[in-house]
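The block underneath contains the structure these notes are about, expressed in structure tokens.
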Amino acid sequence: MTEQETQRTTQVLTDAGCGLELTARLCALIGQNKRKEALRLLAAHRQTLLDRCHDEQRKIDCLDYLVFQMEQGKPL
């Protein structure tokens, strides 16, 4: 990769929540044309983010239920 491509890739990975270590590893893999391994790591990071998202959604659902119960004057 050129320096400009590396900078762009690094910025995208940082924006995607990749830490310094994962970003460096991914850039190295991409630079070595080991795209399958890089894609595997990206998929794993995506799954981690999605799991966090689902965990937070469950918390929001619990809060929504509590608010609904309180607004209806129902016992908790």
Side-chain angles (χ1 to χ4, degrees):
M1 282 195 301
T2 67
E3 181 63 31
Q4 187 177 20
E5 290 170 332
T6 300
Q7 288 176 353
R8 275 192 302 226
T9 301
T10 298
Q11 185 60 54
V12 170
L13 292 170
T14 300
D15 292 347
C18 296
L20 293 175
E21 186 177 317
L22 180 57
T23 297
R25 186 158 182 216
L26 285 163
C27 284
L29 289 170
I30 293 167
Q32 297 166 5
N33 206 27
K34 295 182 178 179
R35 294 183 182 268
K36 283 188 179 183
E37 190 173 345
L39 287 169
R40 184 184 58 77
L41 289 176
L42 288 170
H45 181 65
R46 183 184 186 283
Q47 188 60 52
T48 297
L49 293 175
L50 193 56
D51 290 344
R52 286 184 199 162
C53 186
H54 290 155
D55 289 343
E56 296 303 314
Q57 183 61 53
R58 279 190 285 277
K59 292 174 188 176
I60 291 169
D61 290 345
C62 288
L63 285 173
D64 287 347
Y65 174 76
L66 178 61
V67 167
F68 175 77
Q69 291 293 97
M70 292 174 72
E71 288 176 343
Q72 299 298 311
K74 295 181 180 178
L76 304 176

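All of these numbers come straight from a predicted model, not from anything done at the bench. As a basis for the values below, the full set of heavy atoms in this structure was taken, side chains included, without hydrogen atoms, waters or symmetry mates.
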**OP:** Can you see which heavy atom on Ala38 is nearest to which on Leu26, and at what distance?
**Re:** O-CD2, 3.5 Å

Subject >> Whether over 12 other heavy atoms sit under 6.0 Å from Gln72 CD >> reply: yes

Subject >> salt bridge (Lys or Arg N to Asp or Glu O under 4.0 Å): pairs with one or both residues in residues 42-55, sequence neighbours excluded >> reply: Asp55-Arg58

**OP:** Using a cut-off of 6.0 Å, state whether more than 12 heavy atoms not belonging to Leu50 lie near its atom CG.
**Re:** yes

Subject >> Nearest-0.5 Å distance, OG1 of residue Thr9 to CD of residue Gln4 >> reply: 10.5 Å

Original post:
Can you tell me how far the SG atom of Cys62 sits from the CD atom of Gln57, to the nearest 0.5 Å?
Top reply: 10.0 Å

Original post:
Quick one: CD1 on Ile60 to SG on Cys53, what's the gap to the nearest 0.5 Å?
Top reply: 8.0 Å

**OP:** Keeping the roles fixed (side chain from His45, backbone from Leu22), state whether a donor-acceptor pair exists under 3.5 Å.
**Re:** no

Original post:
Are any non-hydrogen side-chain atoms of Thr6 and Ile30 less than 4.5 angstrom apart?
Top reply: no

Original post:
Which heavy atom in Ala16 sits nearest to a heavy atom in Leu49, and how many Å separate them?
Top reply: O-CD1, 3.4 Å

Original post:
Any chance CD of Glu21 has more than 12 other-residue heavy atoms, nucleotides or ligands included, within less than 6.0 Å?
Top reply: no

Original post:
Rounded to the nearest 0.5 Å, how far does CD of Gln47 lie from NE2 of His54?
Top reply: 8.0 Å

